[in-house]
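Worksheet: one structure, shown below.
Given the structure is predicted, the values throughout are model-derived calculations rather than measurements.
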Amino acid sequence: MKLLNYALVYRRFLIVVLSVLFLLPLPLIIRTKEAECAYVLFVVAILWITESFPLSITALLPGLMFPMFGIMPSARVASSYFKDFHLLLIGVICLATSIEKWNLHKRIALRMVMMVGVNPAWLTLGFMSSTAFLSMWLSNTSTAAMVMPIVEAVAQQIISAEAEAEATQMTYFNESATHGLEVDETIIGQETNERKEKTKPIPGSSNDTGKVSSKMETEKNSVTGTKYRSKKDHMMCKLMCLSIAYSSTIGGLTTLTGTSTNLIFSEHFNTRYPECRCLNFGSWFLFSFPIAVILLLLSWIWLQWLFLGFNFKEMFKCGKTKTLKEKACAEVIKQEYEKLGPIRYQEIVTLVIFILMALLWFSRDPGFITGWSVLFSKYPGYVTDSTVALVAGLLFFLIPAKELTKTTSTGKTVAFDYSPLITWKEFQSFMPWDIAILVGGGFALADGCQESGLSSWIGSKLSPLGSLPIWLIILISSLMVTSLTEVASNPATITILFPILSPLSEAIHVNPLHILLPSTLCTSFAFLLPVANPPNAIVFSYGHLKVIDMVKAGLGVNILGVAVVMLGMFTWIEPMFNLHEYPSWAPDFLNQTIP
């Protein structure tokens with residue numbers, strides 16, 4: 001028993017040591033570059049999935065092990081850790097820092113909620129829409145962390161409003177009853193005396209009845225919790241929490257910068273297929289936005305039906321007078337918005353830069369018309385989305401936000417400098433350096449698989465899968481990714497699977513986008529568990545949810561997500577990227593000789 005306790009205490013240490021030692025025969029016995037690279041890949045994958053090491057520290061292992069096995073020199077491995085992705089990330093974090101510093105995100109969220117009204121179903125959709133929109137530009141984690149306090153305040157106000165309404169009704173009932181008693185006081189008194197004479201209560205019986213009634217009420221409160229007056233209130237809190245968690249994830253699907261997995265995939269894809277210039281901010285938005293909108297609406301309907309039921313007649317009833325609960329809810333949202341005051345100069349400047357950056361991303365190379373990148377046609381492929389992000393990011397450090405003043409010896413206040421929209425210290429506090437290193441480790445791993453020939457070897461072994469229908473291959477890969485991402489981090493999942501799925505698509509002579517796009521989107525479908533992704537953990541921490549609630553709701557959203565992705569792949573996405581043809585920019589695996 002003592003040994004078992006020690007094993008539990010030092011389990012992370014044991015996992016690291018045993019992973020390294022248990023897999024060591026692979027490079028020692030086979031002694032090929034493919035086997036040595038596979039050893040590194042397996043060790044890194046195990047440590048990422050178990051999180052025995054910090055993810056970013058595990059990501060440094062290729063930098064240590066590739067030179068030792070002679071797969072890549074140290075200088076080349078090091079260059080893999082900083083790519084175009086990191087410049088894009090820096091620019092996006094500059095924008096996110098300014099948006100959150102000046103509370104522009106809160107103003108946008110509250111305004112969108114005020115637009116949809118305060119009916120519980122529409123209110124939930126309003127919160128989901130505003131959360132999804134913010135998540136397109138901010139990280140899923142910060143979006144959920146920002147919106148949840150507002151949602152919690154609204155939910156508690158709804159509960160207190162219902163209590164107030166019931167108290168008012170009870171007071172009115174008691175007053176009516178008292179008035180009736182005064183009118184018939186004589187008759188009631190006579191009837192009471194007759195009952196007392198005819199039926200004498202057994203001593204202590206009335207006290208016992210009171211105790212039973214009180215006990216039943218206490219049990220009812222202990223089941224629902226002290227925060228909730230009824231089961232319906234509890235269900236409403238669960239609905240609002242899960243709607244925020246899921247919409248923050250769904251919103252991140254729509255833009256290339258919306259979530260780290262999209263960026264990781266983009267950089268991996270552009271590195272492996274440099275001649276394909278079909279993926280940019282605009283093309284990504286065009287194919288993913290319909291998926292996100294459909295999934296958001298279906299998730300809203302699913303969650304609403306699961307927790308509160310879906311009453312279409314009640315939702316679309318026109319001219320209905322607002323209930324006390326709805327008025328209280330509207331008042332809370334209005335007060336939160338008024339606390340922000342009138343829109344400030346800093347918010348306006350941030351909003352203008354934000355809009356300009358989005359427009360420049362969309363118009364760089366939209367595909368259906370000539371974009372502004374034609375101005376740099378002398379250097380094709382040199383100007384990317386990261387160029388736009390860096391220009392915008394530099395503006396946040398340049399444009400003045402307010403004057404810095406000091407008081408002179410004569411008592412006069414004078415300006416001596418200005419403060420920009422964001423400072424370096426503020427940027428550092430927002431910059432996810434762990435993600436930057438994790439992504440760099442993924443790039444190094446992919447480069448090592450390519451350099452050692454492991455990617456080609458995997459492709460040759462997976463080529464028999466080409467006999468399966470393409471829809472079945474996509475479904476299997478999507479379900480595999482969705483399952484893995486529940487227990488491993490999203491960036492680690494896409495980093496592990498990209499070197500496997502790319503050779504698979506080449507081996508069966510299918511457009512790589514046909515398999516990689518749905519797999520990348522499904523990497524974000526971590527809806528089942530509180531630990532699956534940070535937004536889930538944030539909403540779970542408010543105490544309204546149990547794990548089983550998240551599993552039931554998340555399983556439905558997972559199924560809906562895979563179904564919507566499959567629908568998109570075989571409708572509007574297929575003609576957009578010409579997926580029915582094997583592209584010239586991908587290696588012709590069938591004509592290659594595999595050693």
Could you check if a side-chain atom of [X] sits within less than 4.5 angstrom of a side-chain atom of [Y], using non-hydrogen atoms only?
| X | Y | value |
| --- | --- | --- |
| Trp424 | Phe397 | yes |
| Phe265 | Leu279 | yes |
| Leu501 | Ser477 | yes |
| Val539 | Met550 | yes |
| Gln304 | Leu125 | no |
| Phe281 | Thr257 | yes |
| Leu513 | Leu579 | yes |
| Met480 | Leu497 | yes |

- Message: Could you walk me through whether Thr124 and Leu239 satisfy the side chain to side chain contact (heavy atoms under 4.5 Å, CB included) test, starting with their C-alpha distance in whole Å, then the side-chain angles of each, then the deciding distance to 0.1 Å, before giving a yes or no?
- Response: CA-CA 8 Å; Thr124 303; Leu239 166 66; 3.8 Å; yes
- Test side chain to side chain contact (heavy atoms under 4.5 Å, CB included) applied to Cys241 and Met148, step by step: CA-CA 7 Å; Cys241 285; Met148 264 310 296; 3.7 Å; yes
Which distance, rounded to the nearest 0.5 Å, do you find between the [atom1] of [X] and the [atom2] of [Y]?
| X | Y | atom1 | atom2 | result |
| --- | --- | --- | --- | --- |
| Leu517 | Met569 | CG | CE | 5.0 Å |
| Leu89 | Asp84 | CG | CG | 11.5 Å |
| Ser519 | Leu484 | OG | CG | 11.5 Å |
| Trp471 | Ile476 | CH2 | CD1 | 8.5 Å |
| Ile353 | Leu421 | CD1 | CG | 6.0 Å |
| Ile422 | Phe430 | CD1 | CZ | 9.5 Å |

Whether [X] side chain and [Y] backbone form a donor-acceptor pair below 3.5 Å:
| X | Y | answer |
| --- | --- | --- |
| Ser248 | Thr143 | no |
| Asn140 | Pro534 | no |
| Ser288 | Thr254 | yes |
| Thr255 | Gly258 | yes |
| Asn536 | Ala526 | yes |
| Tyr81 | Ala59 | yes |
| Ser283 | Asn280 | yes |

- Answer with yes or no whether the side chains of Ser98 and Thr350 bring together a donor and an acceptor at under 3.5 Å. yes
- Item | Identified side chain to side chain contact (heavy atoms under 4.5 Å, CB included) partner of Thr58 from the options Val44, Ile46, Leu438 | Val44
- Message: If the test is side chain to side chain contact (heavy atoms under 4.5 Å, CB included), which one of Asn490, Leu295, Ile250, Val481 qualifies with Phe525?
- Response: Leu295
Heavy atoms only: give me the nearest [X]-[Y] pair and the separation to one decimal.
| X | Y | result |
| --- | --- | --- |
| Trp300 | Met128 | CB-SD, 3.8 Å |
| Ala389 | Val92 | CB-N, 4.4 Å |
| Thr485 | Cys522 | CG2-O, 4.0 Å |
| Ser135 | Gly252 | OG-N, 3.4 Å |
| Gly440 | His86 | N-NE2, 4.2 Å |
| Arg344 | Trp102 | NH2-O, 2.8 Å |

- Are the aromatic rings of Phe354 and Trp137 close, with centres under 6.0 Å apart? yes
- Query: Among Asn533, Thr493, Asn558, which one satisfies side chain to side chain donor-acceptor pair (under 3.5 Å) with Glu486?
  - Reply: Asn558
- Query: What's the verdict on side chain to side chain contact (heavy atoms under 4.5 Å, CB included) for Phe396 and Val349, showing C-alpha distance, side-chain angles and the deciding distance?
  - Reply: CA-CA 9 Å; Phe396 287 112; Val349 175; over 6 Å; no
- Query: With Phe287, which residues qualify under ring-ring contact (aromatic ring centres under 6.0 Å, His included), at least two apart?
  - Reply: Trp284, Phe577
- Task: Check whether more than 12 heavy atoms from other residues, nucleotides or ligands sit under 6.0 Å from atom CZ of Phe53, and answer yes or no.
- Result: no
- Message: Can you confirm whether more than 12 heavy atoms, excluding those of Trp572, are under 6.0 Å from its CH2 atom?
- Response: yes
- Task: Any chance you could lay out the ring-ring contact (aromatic ring centres under 6.0 Å, His included) test for His234 and Phe307, step after step, and finish with the verdict?
- Result: CA-CA 9 Å; His234 195 182; Phe307 291 105; 9.3 Å; no
- Message: With side chain to side chain contact (heavy atoms under 4.5 Å, CB included) as the criterion, how do His544 and Asp549 come out once you've worked through the C-alpha distance, each side chain's angles and the decisive distance to 0.1 Å?
- Response: CA-CA 10 Å; His544 300 300; Asp549 297 321; over 6 Å; no
